[in-house]
Engineer: 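Questions regarding the structure given below will be posed in turn.
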Amino acid sequence: MAEPIRVLVTGAAGQIAYSLLYSIAKGDVFGKDQPIILVLLDITPMLPVLDGVVMELQDCALPLLREVIPTDKVEVGFKDLDAAILVGSMPRKEGMERKDLLKANVAIFKTQGEALEKYAKKTVKVLVVGNPANTNCLIASKSAPSIPKENFSCLTRLDHNRARSQVAIRVGVPSDSVKNVIIWGNHSSTQYPDVHHAIVNHHGKEMSGFDAVNDESWLKGDFITTVQQRGAAVIKARKLSSAMSAAKAICDHMKDIWFGTPDGEWVSMGIYSTGNSYGVPDDLMYSFPVMIKNKTWKVVDGLSINDFSRGKMDGTAAELVEERDTALTFLGA
């Protein structure tokens, strides 16, 4: 049996974590022969709830789960980590300006970045889920300068899975018959779900996403807005934000980092933009199509970008530049 790895989940008393922890502890993410020490971090008022989560994890009697450590202290939470899944963030409250939300989260992710820098392994893989995820991820990475920027990513896999599923439902095939959709940019309503390079296996025959769907106005209209606004639609219907689907996307994202992407397939994740071939400004966490091997991602280069896509990609980049610049003024302060 391998040595146990230490995996941190923040916001561990929340509803995404409640859907996530069982899958991690059961071996769905890091492998069926990989023992796990699960570290659960949340704010002090949530500790009694966290105790209940620990009891339930114990009661699952999972053979790979060697230890569960609930804590409200960063020096305990971030110590010797192999993986950090940062779910906890300040949620947007009614009447709250976006910049107020940014300010609160800059403080949180600066603290967590500094804790990664001070206590975690330098090889730690960090996934930021808490919104605004791209900018929170950028702040955390800037606050942990000795951990490589490539080790940080933010979650756009939920958007990727939503896009894949929408195409599959439209065509009438299983979701695994659709591959190579792309989410460009920010995990916000400006994101660009792109099907121009998608491939659909339609009853044994591979065809392009546009040919399989055969409805360009839908793909350039309702499809995009449905994916962009899906989170809001779930909140409206459930009165709670996406949890089961977010947890599944986190598992997909981390599993692909650990074990790589299938040959010829890419996935979407928010990563540090530097010297890319798509004209995306540097020094952002921006969602790109990536292939992963040996725990290292590589942007899929050389995809043709038409004018429609260019406009959408630039629009979401502009939002990220503005978010970054606002966040950095708070970071400096």
Side-chain angles (χ1 to χ4, degrees), residues 8-24 28-29 40-43 45-46 49-50 52-53 56 84-109 112 126-140 153-166 169 175 183 185-193 223-254 268-270 285 287 316 319-320 323 327:
L8 165 69
V9 176
T10 71
Q15 58 150 3
I16 291 176
Y18 193 75
S19 288
L20 171 67
L21 293 169
Y22 175 69
S23 296
I24 293 175
D28 290 352
V29 180
L40 309 180
L41 180 72
D42 215 315
I43 54 175
M46 297 307 288
V49 178
L50 215 46
V53 175
E56 283 210 72
I85 303 170
L86 308 183
V87 181
S89 65
M90 164 75 81
R92 192 169 189 164
K93 301 199 172 87
E94 216 167 317
M96 197 182 216
E97 291 289 327
R98 193 169 172 86
K99 68 173 193 301
D100 296 332
L101 183 69
L102 264 175
K103 187 174 188 176
N105 280 299
V106 165
I108 293 168
F109 284 86
Q112 296 194 343
V126 183
L127 168 58
V128 176
V129 179
N131 286 318
N134 298 57
T135 300
N136 288 345
C137 187
L138 186 69
I139 295 301
S153 55
C154 72
L155 191 75
T156 57
R157 184 58 169 270
L158 177 53
D159 310 302
H160 181 99
N161 287 350
R162 286 166 171 164
R164 190 180 191 180
S165 182
Q166 286 297 311
I169 291 165
S175 58
I183 304 296
N186 199 1
H187 174 64
S188 75
S189 59
T190 68
Q191 64 174 267
Y192 171 41
F223 163 72
I224 291 175
T225 52
T226 297
V227 176
Q228 286 174 333
Q229 295 165 17
R230 189 67 158 188
V234 170
I235 290 173
K236 192 173 178 212
R238 276 193 84 226
K239 311 292 180 268
L240 292 164
S241 58
S242 308
M244 177 175 27
S245 54
K248 163 66 165 56
I250 292 165
C251 291
D252 289 346
H253 180 116
M254 289 307 283
S268 305
M269 54 173 69
M285 288 288 174
S287 182
T316 189
E319 181 182 56
L320 279 169
E323 267 187 30

Engineer: Which atoms form the tightest heavy-atom contact between Ala13 and Asp42, and what is the distance?
Structural biologist: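 Between these two residues, the closest heavy atoms are N-OD2, 2.9 Å.
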Engineer: For a quick test of reading the model, state the closest non-hydrogen atom pair linking Ala12 to Leu40 and the distance between them.
Structural biologist: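 That closest heavy-atom pairing would be CB-CB, 3.5 Å.
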Engineer: Provide the closest heavy-atom pair for Pro193 versus Ala163 in the form atom of the first, atom of the second, distance.
Structural biologist: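 Nearest pair, atom of Pro193 first, then Ala163: CB-CB, 4.4 Å.
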Engineer: Do side-chain atoms of Asn131 reach the backbone of Ser89 as a donor and acceptor pair under 3.5 angstrom?
Structural biologist: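 Side chain of Asn131 to backbone of Ser89: no pair is present.
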Engineer: Salt bridge or not between Asp159 and Arg162? Use side-chain N to carboxylate O under 4.0 Å.
Structural biologist: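 Looking at Arg162 together with Asp159, the answer is yes, because their closest N to O distance falls below 4.0 Å.
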Engineer: Taking Asn134 for the side chain and Gly185 for the main chain, is one N or O donor matched with an acceptor at less than 3.5 Å?
Structural biologist: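 Answer holds: yes.
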Engineer: Looking only at heavy atoms, which two atoms of Pro132 and Leu102 are closest? And how far apart?
Structural biologist: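 Smallest interatomic distance, heavy atoms only, reads CG-CD2, 3.8 Å.
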Engineer: Once ring pair (Phe, Tyr, Trp, His ring centres under 6.0 Å) is applied, do any residues pair with Tyr18, and if so which ones, sequence neighbours excluded?
Structural biologist: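 For Tyr18, no residue satisfies ring pair (Phe, Tyr, Trp, His ring centres under 6.0 Å) once neighbours in sequence are set aside.
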Engineer: Would you say the side chain of Met285 lies within less than 4.5 Å of the side chain of Leu320, judging by non-hydrogen atoms?
Structural biologist: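 Not touching, per the 4.5 Å side-chain cut-off.
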Engineer: Between Ser188 and Glu319, is any side-chain donor less than 3.5 angstrom from a side-chain acceptor?
Structural biologist: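 Looking only at side-chain atoms, Glu319 and Ser188 do form a donor-acceptor pair, the distance falling under 3.5 Å.
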Engineer: Over all heavy atoms of both residues, which pair between Thr10 and Gln112 is shortest? Give the atoms and the distance, please.
Structural biologist: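 Scanning both residues completely, I find the closest heavy atoms to be CG2-NE2, 4.1 Å.
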Engineer: Can any side-chain N or O of Ser268 pair as donor or acceptor with the backbone N or O of Ile183 at less than 3.5 Å?
Structural biologist: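 Yes, because the side chain of Ser268 sits within donor-acceptor range (under 3.5 Å) of the backbone of Ile183.
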Engineer: Taking the side chain as everything from C-beta on, heavy atoms only, tell me whether Cys251 gets closer than 4.5 Å to Leu20.
Structural biologist: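 Yes. Closest side-chain heavy atoms under 4.5 Å.
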Engineer: Closer than 3.5 angstrom, by distance alone: can the side chain of Ser287 be matched with the main-chain N or O of Asn186 as a donor-acceptor pair?
Structural biologist: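 Checked: no pair found.
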Engineer: Can you see which heavy atom on Gly130 is nearest to which on Asn136, and at what distance?
Structural biologist: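 Scanning both residues, the minimum pair turns out to be O-ND2, 2.9 Å.
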Engineer: Strictly distance-based, threshold 3.5 Å: is any side-chain N or O of Gln228 a donor or acceptor partner for the main-chain N or O of Tyr192?
Structural biologist: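 Here the side-chain-to-backbone pair does not exist.
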